J.: 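Please see the structure below; I have some questions.
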Amino acid sequence: MALWSPPSSLPLLGLLSIIIFLRPTSVVTSPSGIRHGIIRKPSSYEPAVVLFREAPAFRNGDACGSSDADRIHVVMTLDANYLRGTIAALLSILQHSTCPENIDFHFLWSHFESDIFSSINSTFPFLNFKVYRFDSNRVRGKISKSIRRALDQPLNYARIYLGDILPADVRRVIYLDSDLVMVDDIAKLWGVELGDKVLAAPEYCHANFTNYFTSAFWSDRALAQTFDGRKPCYFNTGVMVVDVEKWREGGYTKKVEEWMAVQKKKRIYQLGSLPPFLLVLAGNMQPVHHRWNQHGLGGDNLEGRCRSLHPGPISLLHWSGKGKPWLRLDSRRPCTVDHLWAPYDLYRSSTSSLEE
């Protein structure tokens with residue numbers, strides 16, 4: 001069953017979440033004027049009309065359970081400019097899953113775009129998903145300008161509000177960015193033991209942690225003492241296992257917001273939503289094997305130059321940084337690692353380039 005409000009009621013949705021739930025056997029009747037499978041071109045900021053190819057139907061293996069305890073909850077954001085990446089990420093997750101029908105996707109978007117919904121529906125007709133509205137006004141006065149414009153978008157901060165947005169029966173989620181592909185069974189990541197921690201993610205303790213904060217932070221004795229008693233390491237917020245119940249109970253949304261307020265006054269970091277997460281949770285989280293976030297493939301946040309893979313096993317490839325694989329492939333100047341993303345690209349015009 002799909003829940004849908006007519007266009008005339010959309011102004012009222014500022015007070016409510018938009019929730020759209022699609023079961024494998026559902027038939028969705030779109031409002032007049034919606035064209036299934038047609039979206040704005042996601043590889044640039046200029047609107048255009050494109051199509052995605054339909055993905056195959058992925059079915060559960062014989063050993064898959066069917067109870068609520070067997071469900072895996074994945075949260076991602078939806079943005080027209082990143083939709084091509086989202087589609088590739090979805091395909092990779094389903095393709096490598098032993099129990100793809102047990103995955104429930106929870107999408108967050110900042111404003112209603114019917115073409116995005118119809119595109120996902122037509123590309124993945126058997127997908128289990130819900131869509132929730134994230135009110136951008138919650139963060140507009142809290143965001144400070146960072147070193148890259150994309151990091152300043154309100155939707156980039158939606159992950160802070162998972163405890164408020166998701167229904168109470170969703171107690172644990174995997175949060176994923178849209179610029180990644182998974183090459184392993186997501187059930188393995190879902191099975192990570194959190195213990196008494198609210199969050200699990202790969203840690204990178206070799207990174208220079210001091211670089212993530214300004215001299216104004218380190219020179220302020222009270223602020224610099226934030227990490228006393230902890231051994232903080234960098235972690236990337238694009239791949240996280242989150243205990244949503246503990247997040248709510250511990251008031252972590254408020255804790256992150258408090259650091260965003262400090263940032264507005266004193267400019268204690270340069271990046272977007274990452275540093276306040278580090279301030280609250282670095283050194284107090286459950287580490288996950290590095291194979292689950294081979295990050296930085298998009299280069300740094302300013303130049304986006306090509307980078308090679310890190311040594312070791314890989315379960316997830318992440319194009320964090322400025323360079324996105326679909327943009328570099330379209331420009332005919334891809335990095336070597338971008339060819340690892342290309343097989344999951346369902347964008348129709350990419351067919352010829354993949355077959356060359």
Side-chain angles (χ1 to χ4, degrees), residues 20 22 28 30 34-58 74 76-97 100 103 105 107-129 131 150 153 155-156 176-183 186 238 294 297-299 304 306 316-356:
I20 302 169
L22 180 64
V28 177
S30 301
I34 293 180
R35 296 168 293 176
H36 282 271
I38 300 177
I39 62 162
R40 285 200 298 255
K41 185 177 180 181
S43 61
S44 72
Y45 288 93
E46 295 298 324
V49 176
V50 296
L51 292 171
F52 288 103
R53 301 187 296 280
E54 182 177 323
F58 296 97
V74 178
M76 304 178 72
T77 58
L78 282 181
D79 184 314
N81 295 310
Y82 285 85
L83 186 56
R84 187 167 167 188
T86 303
I87 295 291
L90 292 176
L91 177 61
S92 72
I93 293 168
L94 296 170
Q95 181 173 313
H96 293 283
S97 175
I103 305 174
F105 291 92
F107 296 121
L108 313 179
W109 59 15
S110 57
H111 57 278
F112 175 76
E113 293 186 78
S114 59
D115 287 348
I116 292 181
F117 165 72
S118 61
S119 179
I120 292 177
N121 184 29
S122 61
T123 306
F124 299 99
F126 301 95
L127 196 70
N128 300 312
F129 73 93
V131 182
Q153 300 306 308
L155 196 57
N156 195 43
L176 297 174
D177 276 349
S178 298
D179 52 357
L180 55 78
V181 293
M182 190 167 289
V183 293
I186 194 171
Q294 175 88 209
L297 301 184
C306 292
L316 185 148
L317 298 154
H318 187 186
W319 278 260
S320 57
K322 184 178 181 180
K324 303 306 173 188
W326 55 91
L327 294 174
R328 297 194 294 213
L329 287 163
D330 284 357
S331 68
R332 302 271 180 184
R333 293 181 296 177
C335 296
T336 301
V337 294
D338 297 339
H339 295 290
L340 299 174
W341 181 89
Y344 302 99
D345 186 14
L346 291 175
Y347 180 49
R348 281 192 181 276
S349 70
S350 66
T351 305
S352 59
S353 63
L354 292 178
E355 293 176 347
E356 288 178 355

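It should be emphasised that the depicted structure is a prediction, and the values quoted were computed from it without experimental measurement.
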J.: Find out whether W341 and L297 are in side-chain contact, i.e. whether some heavy atom of one side chain is under 4.5 Å from a heavy atom of the other.
T.: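 They are not in side-chain contact.
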J.: Which pair of heavy atoms, one from F52 and one from R348, lies closest together, and at what distance?
T.: O-NE, 3.8 Å
J.: Side chains of F105 and L94: closer than 4.5 Å at any heavy-atom pair?
T.: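 Yes. Closest side-chain heavy atoms under 4.5 Å.
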J.: Nearest 0.5 angstrom please: I87 CD1 to T123 OG1, how far?
T.: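 If we round to the nearest 0.5 Å, I87:CD1 and T123:OG1 are 4.5 Å apart.
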J.: Check the pair L78 / F117 against side chain to side chain contact (heavy atoms under 4.5 Å, CB included), numbers first and verdict last.
T.: CA-CA 9 Å; L78 282 181; F117 165 72; over 6 Å; no
J.: Counting C-beta onward and ignoring hydrogens, is there a side-chain heavy-atom pair between N128 and I103 closer than 4.5 Å?
T.: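 They are not in contact (no side-chain heavy atoms under 4.5 Å apart), so the answer is no.
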J.: In Å, rounded to the nearest 0.5 Å, how long is the span from CG of D330 to CZ of R84?
T.: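 Rounded to the nearest 0.5 Å, the CG-CZ separation comes out at 4.0 Å.
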J.: Determine whether D177 and S320 satisfy the following criterion, side chain to side chain contact (heavy atoms under 4.5 Å, CB included), listing intermediate values before the conclusion.
T.: CA-CA 9 Å; D177 276 349; S320 57; 5.7 Å; no
J.: Looking at every heavy atom in both M182 and Y344, which two are closest together, and how far apart are they?
T.: O-OH, 4.5 Å
J.: Please step through side chain to side chain contact (heavy atoms under 4.5 Å, CB included) for the pair I116 and T86, ending with a clear verdict.
T.: CA-CA 11 Å; I116 292 181; T86 303; over 6 Å; no
J.: Could you tell me the separation between the OG atom of S178 and the CG atom of N81, rounded to the nearest 0.5 Å?
T.: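 Those atoms lie 11.0 Å apart.
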J.: Find out whether L90 and F107 are in side-chain contact, i.e. whether some heavy atom of one side chain is under 4.5 Å from a heavy atom of the other.
T.: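 Heavy-atom side-chain distance check passes, below 4.5 Å.
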J.: May I ask you to test the F129-F124 pair for a side-chain heavy-atom distance under 4.5 Å?
T.: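 The answer is no, as the side chains (C-beta and beyond) never meet within the 4.5 Å cut-off.
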J.: Can you find a pair of side-chain heavy atoms, one from H318 and one from D179, that are under 4.5 Å apart?
T.: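 Contact flag for H318/D179 side chains = yes.
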J.: Determine whether a donor-acceptor pair (N or O, by modelled atom type, separation under 3.5 Å) exists between the side chain of K322 and the backbone of G299.
T.: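 No.
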J.: With side chain to side chain contact (heavy atoms under 4.5 Å, CB included) as the test, would you mind laying out the steps for I186 and H96 before giving the verdict?
T.: CA-CA 8 Å; I186 194 171; H96 293 283; over 6 Å; no
J.: Let me confirm one number: the OG-CG distance from S92 to L340, rounded to the nearest 0.5 Å.
T.: 12.0 Å
J.: Do L317 and V337 have side chains that approach each other closer than 4.5 Å (heavy atoms only, starting at C-beta)?
T.: no
J.: Show the nearest heavy-atom pair for residues S331 and R328, with the distance to one decimal.
T.: OG-O, 2.8 Å
J.: Taking all heavy atoms of E113 and all of A80, pick out the closest pair and write down the distance.
T.: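 Heavy-atom minimum between the residues: OE1-CB, 3.9 Å.
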J.: Between L329 and A342, which heavy-atom pair has the shortest distance, and what is it?
T.: CD1-CB, 4.1 Å
J.: Any chance you could measure R53, atom CZ, to Y347, atom OH, to the nearest 0.5 Å?
T.: 11.0 Å
J.: In Å, rounded to the nearest 0.5 Å, how long is the span from CZ of F58 to CG of L91?
T.: 5.0 Å
